[in-house]
Every structure is written in C-alpha cells, then in structure tokens.
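To keep things clear, I will list the structure first and then write my remarks on it.
Each chain gets a letter, A, B and so on, in the order the sequences are listed, and its residues count up from 1.
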There are 2 protein chains.
Amino acid sequence: MLIFSEDPWARAGLAAALRGEAGLEVVGQLGGPDGWQAYAPDVVLWEAGESRPDLEALEPPVLALVGHEAQATAWLAAGARGVLWRDSEPEALSAALRALAQGLVVLAPDLAEPLRPGPRDPEGEAEPPLEPLTERELEVLRLLAAGLSNKAIARRLEFSEHTAKFHVASILGKLGVQSRTEAVVRAARLGLVML
Amino acid sequence: MLIFSEDPWARAGLAAALRGEAGLEVVGQLGGPDGWQAYAPDVVLWEAGESRPDLEALEPPVLALVGHEAQATAWLAAGARGVLWRDSEPEALSAALRALAQGLVVLAPDLAEPLRPGPRDPEGEAEPPLEPLTERELEVLRLLAAGLSNKAIARRLEFSEHTAKFHVASILGKLGVQSRTEAVVRAARLGLVML
DNA sequence: CTCGTTCCTGGCCGAATGGCTAGGCTGGCG
DNA sequence: CGCCAGCCTAGCCATTCGGCCAGGAACGAG
C-alpha cells in the first residue's frame, strides 16, 4: 500500500496509524502520483487535495480520503475505487484497503445514498404542485440553464428582450423561485433540463 | 458473522470457506433472518434467494450475495450495506465483511457504475485549465449554487456584500464564465458542488 | 525586513435582472 | 359570438449584478 498526500504530516500520520494493522504493508509515501511505479503497490491511499484528481496513469485501485461531498463525487468520477471521509477510523481505513485490494468498491455510508433507488422522502415533498411549463418556456429554460442572459435568449429565439423577461418571469413563478440561478438548480433537480 | 441461505449446502460451503479467514468468526447459520438475535452477530452474510428481501428487523449490516443485477438493486433498495456477486472469492468476502463491520459500504465494481456521474466525453474536454478555488471561494460557491444573492451570501458568511461580490467575481474568473448562473452549471459539471 | 498571497472592505458605474401594469395576436371551445 | 390560454411586445422602476480601481490586515517565504 502506497500513501499519497500533499501534506507530509498527513502522510506520516496515516502511515503510523496503519503500521500496526495486520496484513497491510505501507510500502511508501509520496506527495502525488508521480513515480508510483517504483513501489509496485497493490493499493493506493490518497488524501484528496483541492486540486482535480488525476488517476489516469495510476493502475492500482485508489482509496480517496475526502473532506466534503463535492470532492467525493469528483474522485468517484475520476475513477477512485473507494471514497471515505477524512476522519475515518484507522480500522475502517484498513478494512477498506483490504477490500480494495480484492477488487471491491468501498464507500462511506453517506456516499452510497444515490445507489438506493429510494423510498423517496415519504412525508416531506409538499413541493411539486409544479404547474407544467409550456413548450416555449422549456426552450427558454434550456437556454437559461446554459447561462444565457435575457438579451442572448431573445437573440437566439428571435424575439424581443421583453419577451425573454416575460418567459423567464413565468418560469420563476411556476418553479416557485425568485432568481434565474435558483430556477436552473430547481429545474435540474426536477429533471427538466440536463446539465 | 452469521450466515443466511435457504440452501443448507450453500451455508455449509460458505462457512467452510470463511472458517480459515483470520479475524472472522462464523457464529452460526440460518435459513433466514428469523431468530438472528440469539447469535448477536456483528455482520450478516446473506445469500440472496429469489424472494423479496426483508431487512426491516435486522440490525447488523448485511452483505448480500446476488446472482444478477435485478437482485442487486432490490437488495440495495432494501437496505443491504454490501452487495457482491455470488461467485466472489472467499478472500473478497472476508475483506468485504470486515469493511461492513466497520460501518462501510462495499460493492462489486459493476454495481458501482451508477455512482460515476459521467464517463466524460473522451475527446472534447480542452477546457479545464481550472485554477483551484480557495476554501473561502468554495464556501461562496456552495451558497451560489443554492441560489443565494450576494447580499444573502454576505449575511450567511458574515462579511460585507462587497466581499461577497469580490469572491463571486473571483469564482467567475477562475471558472472562466461571466454570470453566476453559468458558474453554478459549470461547477456542477465539474463536481465542485452537488445540486 | 520586504514581498507575495489570501482574505476582507470600500466606492463608483453601467448593465442586467425581476416585479409591475398594460396591451395585441392567435387558435380552441362553448 | 365571447372567453380564455398561450404567446409576443412594451414601458417603468427598484434592486441586483458584474467590472474596475484602491486599500488594509494577516501570514509565510525569501
């Protein structure tokens, strides 16, 4: 097992915490993926920095330690085989690393939520009495989600800026929000547009 | 660890295969969940039958062994903390069970696909020369994505509206966009924020 | 010590945004 | 025919947004 972290102290701490674990051998520590081949690790433990993860050239499975959810999804997308919170217990790290070495995928419980097709919050909801958007409004919404200004929308759809504002206002009303940004987020969550 | 399977031979086989694994103790075998309390297991290994899984009354984390994908999703939805294929190696089972006991979620690689947000268009890209955002900027970005106005962000983070505008401008610059809406969409695509 | 970076604050200004009211045009329906 | 829904246009107005310039406090690196 090879440890990556931009922070030397974090590397040392992780190595020390895992040293005692049976069946785990820390073969080295690095600041990043450069030169990993020399260690021929079966698994990589990587404490995520804020920079974008790059696992391209890395062949062994990677367990990413992350601090917040956005990081988690970024690392998953980048191909990490395991994602745990930074404050996980050493025993959890050790167990996760062993599972990784077996080719399995390991996640912190919170991060597995999207997998559960979901009984959907039973009570809450309350929200989408959502009047249906007209075809025209959907067109505008898509441009809205692309980040276009009212003026740009008007040019694209060949009507006046006033009309653009009219449709946008109508969309805001139907979605129950008061800014175009909120509208985009809401629409994305409702599946009305793809981001 | 407690083993469930409708098939007594399968129970025996699993127990035998796992008997050798260090740090795992098979405390019993049952045909189903009835009466599990008597064994006080830390984990349950359950070879899935074709019937609908019911994990309601079951308190320890469950590792389900499934034969096909429909089963896998059914068991995940039912609350299984781990799902592996029936033909997994004993070493993989053992590693998975230990991770389960640590409160982690374990999956066969194929089953984790839905988590990876996108295969990323392989060719295109060209885009993210993306300077990293500072911690403060990420905080602002998250509120931005919630649709808050500069004023609201300033209140929430307890600094002046000017500072909010300053950070927003900095975010726009780093993401290479010119409106907050674009910034949110871009950040979502990059995995910097969850919508 | 100076330098550079990050974070925070301020003022100014033009443009964009969102709420409002008030039209006109079309086509479907009773 | 009148009525209504969806669509487009228009003006007014307060607020917000985004760009620009300038400065201060804190901290680590040189």
Check the phosphate of C/dC8 against B/His167, side-chain N and O only, distance under 4.0 Å to OP1 or OP2. Yes or no? yes
Figure out the CG/C1' separation between A/Leu143 and C/dT17, and round it to whole Å. 17 Å
Over all atoms of both residues, closest heavy-atom pair of B/Leu84 and B/Leu93: CD2-CD2, 3.9 Å
Minimum heavy-atom distance between B/Pro109 and A/Arg81, given as atom pair plus value: CG-NH2, 3.3 Å
Residues passing the side-chain contact (heavy atoms from CB on, under 4.5 Å) test with A/Leu55, sequence neighbours excluded, are A/Trp46, A/Pro53, A/Val62, A/Trp75, A/Ala78, A/Ala80
To the nearest 0.5 Å, what is the distance between CD on A/Gln102 and CZ on A/Arg98? 10.5 Å
Same apolar cluster: A/Val184 and A/Leu133, side chain cutoff 4.5 Å: yes
Identify the pairs formed between an N or O of the protein and an N or O of nucleotides 28-30 of chain D at a distance under 3.5 Å, and give each distance.
none

Between B/Ile153 (CD1) and C/dC8 (P), how many Å, whole number? 13 Å
Output every pair passing salt bridge (Lys or Arg N to Asp or Glu O under 4.0 Å) with a member in residues 23-49 of chain B, not counting sequence neighbours, ordered by first then second residue. B/Glu47-B/Arg86
Do the non-hydrogen side-chain atoms of B/Leu107 and A/Leu104 ever get within less than 4.5 Å of each other? no
With a cut-off of less than 4.0 Å, is there a side-chain N or O of A/Ser160 near OP1 or OP2 of D/dT9? yes
Which angle, rounded to 10°, do you find between the first-five-pair axis and the last-five-pair axis of the helix from C/dC1-D/dG30 to C/dG30-D/dC1? 30°
Pairs touching residues 140-149 of chain B that satisfy salt bridge (Lys or Arg N to Asp or Glu O under 4.0 Å), sequence neighbours left out: B/Glu135-B/Arg142
Under 4.0 Å between a side-chain N/O of B/Thr163 and OP1 or OP2 of C/dC7, yes or no? no
Under 4.5 Å between side-chain heavy atoms, counting indirect links through other Ile/Leu/Val/Met/Phe/Trp/Tyr residues: same cluster for B/Leu148 and B/Val177 or not? yes
Contact letters for nucleotides 16-27 of chain D, in which S counts primed atoms plus P, OP1 and OP2 and B counts the base, heavy atoms under 4.0 Å: SSBB--------
For the backbone of A/Leu18 and the side chain of A/Glu21, can you confirm whether one donor and one acceptor N or O come within less than 3.5 Å of each other? no
Return the OH to CD distance between A/Tyr39 and A/Gln29, rounded to the nearest 0.5 Å. 8.5 Å
